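Keep in mind that this is a model prediction, so the values were computed, not measured. Positions are given from 1, in the same order as the sequence printed here.
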Amino acid sequence: MPIHYKLIQNKIRSDKNYGKYYAHTVRQGEVSLEEVEKTIQENCTAKASDVRLVLRELYDTLKKYMQDGYVVDLREIGRLSIAVKSTCVDDPTEFRADEHITGFRCRYTPHGERVHKNGQPTNTIERGLLQGCKAVETPYYPKDEERG
């Protein structure tokens with residue numbers, strides 16, 4: 001199934017692309033954990049309950065390693081880590097974690113392989129999760145204009 005998109009006009013007056021159109025992804029819904037478990041069960045010998053057990057353990061293990069400061073490399077799936085968010089200070093001696101660290105965020109980088117051309121590496125990285133991806137425009141509906 002392709003990725004659906006619709007064209008939307010940029011209405012931000014201060015943007016250099018004001019008035020131009022861009023593709024905006026149209027999500028097709030959400031897939032629950034139960035649906036993922038069922039699909040995996042249909043595709044291999046593991047039962048849905050086995051899949052749930054492994055995914056729960058994976059979550060606990062990812063959380064442990066990531067909160068200990070590690071990058072977790074899940075090969076084809078990608079790499080996960082935790083990064084801190086903070087406010088800036090003029091002088092490093094003024095920095096106080098309890099005051100300047102404002103939160104955390106989860107970083108995810110899908111697995112990728114650097115593309116080589118004529119035996120030389122390029123700046124292009126191919127992401128496995130994106131290989132074979134296709135896009136199709138969703139039909140335009142006047143109601144879309146109202147939501148902008």
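Rounded to the nearest 0.5 Å, atoms CG (Leu62) and OG (Ser81) are 11.5 Å apart. The distance from atom CZ of Arg79 to atom CG of Leu74, rounded to the nearest 0.5 Å, is 10.0 Å. One distance of note links NZ of Lys85 with CD1 of Ile101; it measures 12.0 Å at 0.5 Å rounding. If you take CD on Gln41 and CD on Glu34, they are separated by 12.5 Å, rounding to the nearest 0.5 Å.
In this structure, Ser86 and Phe95 have side chains that are in contact, with non-hydrogen atoms separated by less than 4.5 Å. Counting heavy atoms from C-beta on, the side chains of Leu7 and Glu137 come closer than 4.5 Å. Taking 4.5 Å as the limit, every side-chain heavy atom of Val136 sits out of range of all side-chain heavy atoms of Ile3. Within the 4.5 Å cutoff, side-chain heavy atoms of Gln67 are placed close to those of Ile82. Residues Arg107 and Arg105 have side chains in contact (heavy-atom distance under 4.5 Å, counting atoms from C-beta outward). Side-chain contact between Met66 and Leu80 is present, with heavy atoms from C-beta onward closer than 4.5 Å. With contacts defined as side-chain heavy-atom distances shorter than 4.5 Å, the pair Tyr22/Ile8 qualifies.
A side-chain donor-acceptor contact under 3.5 Å links Thr122 to the backbone of Val115. Not a single donor-acceptor pair under 3.5 Å links the side chain of Asn118 to the backbone N or O of Gln120. Listed for the His100 side chain is no donor-acceptor partner under 3.5 Å among the backbone atoms of Asp98. At distances below 3.5 Å, at least one donor-acceptor pair connects side-chain atoms of Asn43 with backbone N or O atoms of Thr39.
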Using the rule given for salt bridge (Lys or Arg N to Asp or Glu O under 4.0 Å), can you reason through Lys47 versus Glu37, listing the C-alpha separation, both sets of side-chain angles and the distance that settles it, and then say yes or no? CA-CA 8 Å; Lys47 293 181 181 178; Glu37 293 166 354; over 6 Å; no
Criterion salt bridge (Lys or Arg N to Asp or Glu O under 4.0 Å) on Asp60 and Arg56, from CA distance to verdict: CA-CA 6 Å; Asp60 292 341; Arg56 181 66 223 192; 2.9 Å; yes
When you look at Lys20 and Gln9, which way does the side-chain contact (heavy atoms from CB on, under 4.5 Å) test go after all the steps? CA-CA 6 Å; Lys20 296 182 181 180; Gln9 188 176 29; over 6 Å; no
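Around the CG atom of Asn123, the shell of radius 6.0 Å holds no more than 12 heavy atoms that belong to other residues, nucleotides or ligands. The neighbour count for Tyr70 OH, taken as heavy atoms of other residues, nucleotides or ligands under 6.0 Å away, does not exceed 12. Enclosure of atom CG in Asp90 is not indicated, since only 12 or fewer non-hydrogen atoms of other residues, nucleotides or ligands lie within 6.0 angstrom. When the shell of 6.0 Å around OH of Tyr5 is examined, it contains more than 12 heavy atoms from other residues, nucleotides or ligands. By the neighbour-count criterion of 12 heavy atoms within 6.0 Å, atom CZ of Arg75 is sparsely surrounded, having that number or fewer from other residues, nucleotides or ligands.
Linking Ile, Leu, Val, Met, Phe, Trp and Tyr whenever their side-chain heavy atoms come within less than 4.5 Å leaves Val54 and Val72 in two separate clusters. Taking hydrophobic clusters as Ile, Leu, Val, Met, Phe, Trp and Tyr residues chained together by side-chain heavy-atom distances below 4.5 Å, Val71 does not share a cluster with Ile77. Follow the hydrophobic side-chain contacts under 4.5 Å out from Ile40 and you reach Leu33 in the same cluster. A continuous path of hydrophobic side-chain contacts links Leu58 to Tyr108 [ILVMFWY only; heavy atoms under 4.5 Å].
Across all their heavy atoms, Asn10 and Ile12 have their closest contact at OD1-N, 2.8 Å.
The closest side-chain donor-acceptor pair between Ser32 and Glu35 falls under 3.5 angstrom.
Between Arg127 and Glu113 there is no salt bridge, since none of the side-chain N atoms of the basic residue sits less than 4.0 Å from a carboxylate O of the acidic one.
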